[in-house]
Amino acid sequence: MSLKNISLSMVLLAGTALAVPQAHAEGTVKVGVLQSLSGTMAISEVPLEKAELLAIDQINAKGGVMGHKIVADVEDGASEPATFAQKATKLIQQDHVVTVFGGWTSASRKAMLPVFQKFHNLLWYPVQFEGNECSPDIMYSGAQPNQQALPALTWAEQKGYKRYFLLGSDYVYPRTANLILRKHIIHDKLKVVGEQYVPLGGTDFSGVISKIEQSKPDIIINTLNGDSNVSFFKQLRAAGITTEKLPIMSFSIAEPEAKAMGPSLLAGSYTAWNYYMTLPNKLNQEFIKAYQAKFGKDKVVDDPMVHGYEDVYIWAAAAEKAKSFDPNKVRDAAVTLGFMDSPLGEVKFAQNQSMVQNAYIGKLQPDGQFKIIWSSAKEVQPQPYDPLTFPGKSCKLH
């Protein structure tokens, strides 16, 4: 049964019998949507915000959650971690939201984490990240390293690539992801021939490209975020380096970025995700149709958008199961829901509050879509702490 049907049936069963707090007495429940609507990350986060709002609209059209209409308080994180922390505090303390959907960069998540821990609210974080974190106040639906970065490395090794150049934006996610990749590359008796970082939003890649030319890698693993990717690929092509000559595996370029940058600039490059528009399942086609009907038939969707969309549905189903909007009761219910159909395929939250999901490798085609060229044999259990990089650490929340 689809999550949408589960959510609707639970609403019908629950009705309005729940005795709700005074803040919900008017038959509404407030949630926060906190994404970068401006700044360097807006290219990625604006579509994510729209997907989260679409899920809220759909749930409201079916009767809401326990008879309550969801009211979204939308805030702009402005691509600044400190702003994310400030806006999260406002949403919880002033607006009295029961949960928050949002964040993209790990820097923004790290900035928000103390806020959610202080007030014991619940953040639904929809983007792939570096792991090495385990908080009861966050639901991590985006990929852990063993669901994106390490499957990408497995694929690259299967292709016979031996020399790796690691490139990323200068903040916690790229540095930690590359630390994990470096450990595994060396463990597998391969070679890291270069590792470079640029400031988030940086546009000068002349020095990086010079080092790439000197080191002669077999493949670049790219953890640049935001519009830095535009500058990098343009300057790389200007230097005469094409994806046909030098494969590039990116972890933060998906369908919207490819469309915004122009598929011709990226054609032939590779990405690793847990979702692509080209997945053939029925709920994916329904999600794409609904998104395009609301925001434009030429719009594209991507992995973080679908995770953000699904986070809203899973929160709703968990609240219905818990018969409460209390964040602690909702998180306890969320990890007991079991597998549910979604545009990604069947997914569920594990006891460590991370999502169990498939891993895919895609190759960008001239039309801006990704052809899936590799997939995991089954759903991958999330592993917040990579055993090779962080031996002895584990995540036990329930």
Aromatic ring proximity, centroids under 6.0 angstrom, Trp374 and Tyr270: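 No, the ring of Tyr270 stays outside the 6.0 Å limit from the ring of Trp374, centre to centre.
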Near-ring test His68/Phe325, centroid separation under 6.0 angstrom: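 Ring centroids of Phe325 and His68 are less than 6.0 Å from each other.
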Evaluation steps, salt bridge (Lys or Arg N to Asp or Glu O under 4.0 Å), between Asp76 and Lys87: CA-CA 8 Å; Asp76 179 10; Lys87 293 298 180 69; 5.9 Å; no
Check against side chain to side chain donor-acceptor pair (under 3.5 Å), Ser342 and Glu310: CA-CA 7 Å; Ser342 81; Glu310 205 60 32; 4.5 Å; no
Pro343 backbone acceptor or donor facing Asn281 side chain under 3.5 Å: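 Such a contact is found between Asn281 side chain and Pro343 backbone.
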Heavy-atom closest contact ([X] atom, [Y] atom, distance):
X	Y	result
Tyr275	Asp303	N-OD2, 3.1 Å
Thr83	Gly77	CB-O, 3.3 Å
Phe84	Ser108	CD1-CB, 3.5 Å

Where at least one partner belongs to residues 378-398, residue pairs that pass ring pair (Phe, Tyr, Trp, His ring centres under 6.0 Å), sequence neighbours excluded: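 For residues 378-398, and leaving out neighbouring residues, there are no ring pair (Phe, Tyr, Trp, His ring centres under 6.0 Å) pairs at all.
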Ring pair (Phe, Tyr, Trp, His ring centres under 6.0 Å) contacts touching residues 185-205 (sequence neighbours left out):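 Listed once each, the pairs are Phe205-Phe232.
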Donor on one side chain, acceptor on other, [X] and [Y], under 3.5 Å:
X	Y	result
Asp302	Trp273	no
Trp124	Thr99	yes
Ser141	Asp311	yes
Glu49	Gln35	no

Side chain to side chain contact (heavy atoms under 4.5 Å, CB included) between Ile70 and Thr28, intermediate numbers included: CA-CA 6 Å; Ile70 307 168; Thr28 63; over 6 Å; no
Carboxylate-amine/guanidinium contact [X] [Y], below 4.0 Å:
X	Y	value
Asp386	Lys183	no
Glu133	Lys110	yes
Glu130	Arg175	no
Asp57	Lys294	yes
Asp218	Lys162	no

Qualifying residue for ring pair (Phe, Tyr, Trp, His ring centres under 6.0 Å) with Phe129, from Tyr173, Tyr171, Phe251, Tyr140: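 Looking at Tyr173, Tyr171, Phe251, Tyr140, the match for Phe129 under the ring pair (Phe, Tyr, Trp, His ring centres under 6.0 Å) is Tyr140.
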Worked check of side chain to side chain contact (heavy atoms under 4.5 Å, CB included) between Leu200 and Thr40: CA-CA 8 Å; Leu200 190 63; Thr40 190; 4.1 Å; yes
Qualifying residue for side chain to side chain donor-acceptor pair (under 3.5 Å) with Asn222, from Ser250, Ser169, Ser228: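 By the side chain to side chain donor-acceptor pair (under 3.5 Å) criterion, Asn222 pairs with just one of Ser250, Ser169, Ser228: Ser250.
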